[in-house]
Number of protein chains: 2
Amino acid sequence: MSKEDVRRRLMEIGAELVHLQGFNHTGIQEILRTAGVPKGSFYFYFDNKEDFGLQLVDHYGGQFRAAVAEVDAGGGPIEELRRIFQVFIDYFQRHGYTRGCPVGNLAQEMGDLSPPFRKRLRETIREMAEPIRYRIARAQETGRIRKDIDPGETALFIVSAWHGALLRMKVEKSPEPYRLFEKFVFDHLLSK
Amino acid sequence: MSKEDVRRRLMEIGAELVHLQGFNHTGIQEILRTAGVPKGSFYFYFDNKEDFGLQLVDHYGGQFRAAVAEVDAGGGPIEELRRIFQVFIDYFQRHGYTRGCPVGNLAQEMGDLSPPFRKRLRETIREMAEPIRYRIARAQETGRIRKDIDPGETALFIVSAWHGALLRMKVEKSPEPYRLFEKFVFDHLLSK
């Protein structure tokens, strides 16, 4: 495998393990062992564990963007928005409502511990709000939803409500927190 | 100190350390050392670390109930609700917007890892929604807020939105996520 292939494999294995176990709970040796990459070669690819973690945040951000980009674009911005969340809910259903949002998990775990993590996570969460902001603004232009709310603020509130719903989903192990999120965001908050 | 005093001291020190560092990241030896309690006596007070953690969840639930009970009861249910959240925001401001909700943190960290934790956290989060549900129901009775939302569902959605706002506050290190929470919950979601 090329250097780039190995690096990508370490990111993919690490993304999975950190999503499941948390960052502090996942050791470099475990990632290397699971990836079948020789012990000791980690520092050939990453400066240190924090550098690896920061690149993981970008990796998760890229996964989010890729998932959003795959969603069918038909039927108007609010229908698109519903489908975006549905993609993720289908994912959580397949995994028994475990895991949560990897970016939200890292914000919780690393936000207080590491300034570089904090900065990267703050930017990534703001980027996650962007496709929501964009669709809210479009829906306002076409008169589909209420116009007395700021699209950027609304998108950030929705991302937070989403993170909170995923957090509660972890202890409920059911789609109920998501159902409430969907109901309150689409039927009460956005609707005219 | 009596057995009960030592137990209470271990809970208080443990609550602080776990709030700051997470459960898996906090060792029993560290709690004992910080509390000045002889090494090895932990199992005199708790069955194991999980038993200690489950009692911590109850401890955090008790702190939440105590904080809510101290809030001034005047001026109507919605004003009370605003003051409840203000108490916690004042707390986070004093601590530089670090820490987050200890119950939300544990839900994130332990929800997938331990069924007994999951059950206890689920119950505790539902209990945290109760003083919110109660005030929403009272405000609906007096015609202060919209009546087309279920008080119990609304309270659970608000708790999740709150947890998500605290999570983002950890990476923003500012009250902005809370300001958006307050604006969307009180001015847009609840208002008629």
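Numbered from 1 within each chain, the chains take letters A, B, ... in sequence-line order. Just so it is clear, the structure is predicted and the values come from calculations on it, not from any experiment.
Side-chain contact between B/Leu190 and B/Thr154 is present, with heavy atoms from C-beta onward closer than 4.5 Å. Side-chain contact between B/Met128 and B/Cys101 is present, with at least one heavy-atom pair separated by less than 4.5 Å. Within the 4.5 Å cutoff, no side-chain heavy atoms of A/His163 are placed close to those of B/Arg168. Under the 4.5 Å side-chain criterion, counting only non-hydrogen atoms from C-beta, A/Phe92 is not in contact with A/Lys170.
Between chain A and the options B/Met169, B/Arg99, B/Glu172, B/Glu109, heavy-atom pairs under 4.5 Å are most frequent for B/Glu172. Across B/Gly22, B/Gly104, B/Gly100, the residue that shares the most heavy-atom pairs under 4.5 angstrom with chain A is B/Gly104. Between chain B and the residues A/Glu176, A/Glu153, A/Arg120, the largest count of heavy-atom pairs under 4.5 Å involves A/Glu153. Of the listed residues A/Leu189, A/Val171, A/Asn105, the one with more heavy-atom pairs under 4.5 angstrom with chain B than any other is A/Val171. Comparing A/Ile149, A/Val185, A/Leu166 by heavy-atom pairs within less than 4.5 Å of chain B, the highest count is held by A/Ile149.
Looking at B/Lys183, the atoms closer than 4.5 Å to chain A (heavy atoms on both sides) all sit in the side chain, from C-beta outward. Interface remark: A/Arg126 contributes side-chain atoms only to the contact with chain B (heavy atom separation under 4.5 Å). For A/Phe117, no part lies near chain B; criterion is any non-hydrogen pair under 4.5 Å. Neither the backbone nor the side chain of A/Arg179 comes within contact range of chain B; no heavy atom of the residue lies under 4.5 Å from a heavy atom of that chain. When heavy atoms are compared at a cutoff of 4.5 Å, A/Leu156 approaches chain B by way of both its backbone and its side chain. When heavy atoms are compared at a cutoff of 4.5 Å, A/Gln21 does not approach chain B at all. Both the backbone and the side chain of B/Leu167 come within contact range of chain A, with heavy atoms under 4.5 Å apart. For a residue to count as touching a neighbouring chain, one of its non-hydrogen atoms must lie under 4.5 Å from one of that chain's; by this rule A/Lys173 touches chain B with the side chain only. Residue contact with chain B, scored on non-hydrogen atoms closer than 4.5 Å, involves the side chain of A/Asn24 exclusively. For a residue to count as touching a neighbouring chain, one of its non-hydrogen atoms must lie under 4.5 Å from one of that chain's; by this rule A/His25 touches chain B with the side chain only.
The aromatic rings of A/His19 and A/Tyr91 sit parallel, their planes meeting at an angle under 30°, below the 60° perpendicular limit.
In plain terms, the two heavy atoms of B/Leu180 and A/Phe157 that are nearest each other are O-CD1, 4.0 Å. In terms of heavy-atom proximity, B/Leu32 sits nearest to B/Ser41 at CD2-OG, 4.2 Å.
With values rounded to the nearest 0.5 angstrom, A/Lys39 atom NZ is found 5.0 Å from A/Gln29 atom CD. One distance of note links CZ of B/Arg133 with CG of B/Asp150; it measures 9.0 Å at 0.5 Å rounding.
At distances below 3.5 Å, not a single donor-acceptor pair connects side-chain atoms of A/Tyr178 with backbone N or O atoms of A/Ala165.
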